[in-house]
Amino acid sequence: MAVAPYDLEPDDDSRWQGLVEEKETLESELEELDQEREELQIKIYEIENEMENAS
């Protein structure tokens, strides 16, 4: 019987857990970067407004 590539052998549990933890870490980092990007976009918008008002 063929085994699907996503099927895990019992000895793959630790590797699987490591992948789950890495995925969660990367998702958390991505969320933080998204928030930082949003904050920077707001600062850029504010600077552009100041520049328009100064001219």
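All residue numbers refer to positions in the sequence shown, counting from 1.
No donor-acceptor contact under 3.5 angstrom links the side chains of E39 and Q35, judged on distance only.
By the 4.5 Å heavy-atom criterion applied to side chains, R37 and L33 are not counted as neighbours. I42 has its side chain within reach of E46: a pair of non-hydrogen atoms, C-beta onward, lies under 4.5 Å apart.
E27 and K23 are joined by a salt bridge, as a carboxylate oxygen and a charged side-chain nitrogen come within less than 4.0 angstrom of each other.
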request  = May I have the step-by-step check of side-chain contact (heavy atoms from CB on, under 4.5 Å) for I44 and E48, ending in yes or no?
outcome  = CA-CA 6 Å; I44 289 171; E48 287 174 343; 3.7 Å; yes

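Between the side chain of T25 and the backbone N or O of E21 there is at least one donor-acceptor pair closer than 3.5 Å.
Taking a 6.0 Å sphere around CD of E36, one finds it holds 12 or fewer heavy atoms contributed by other residues, nucleotides or ligands.
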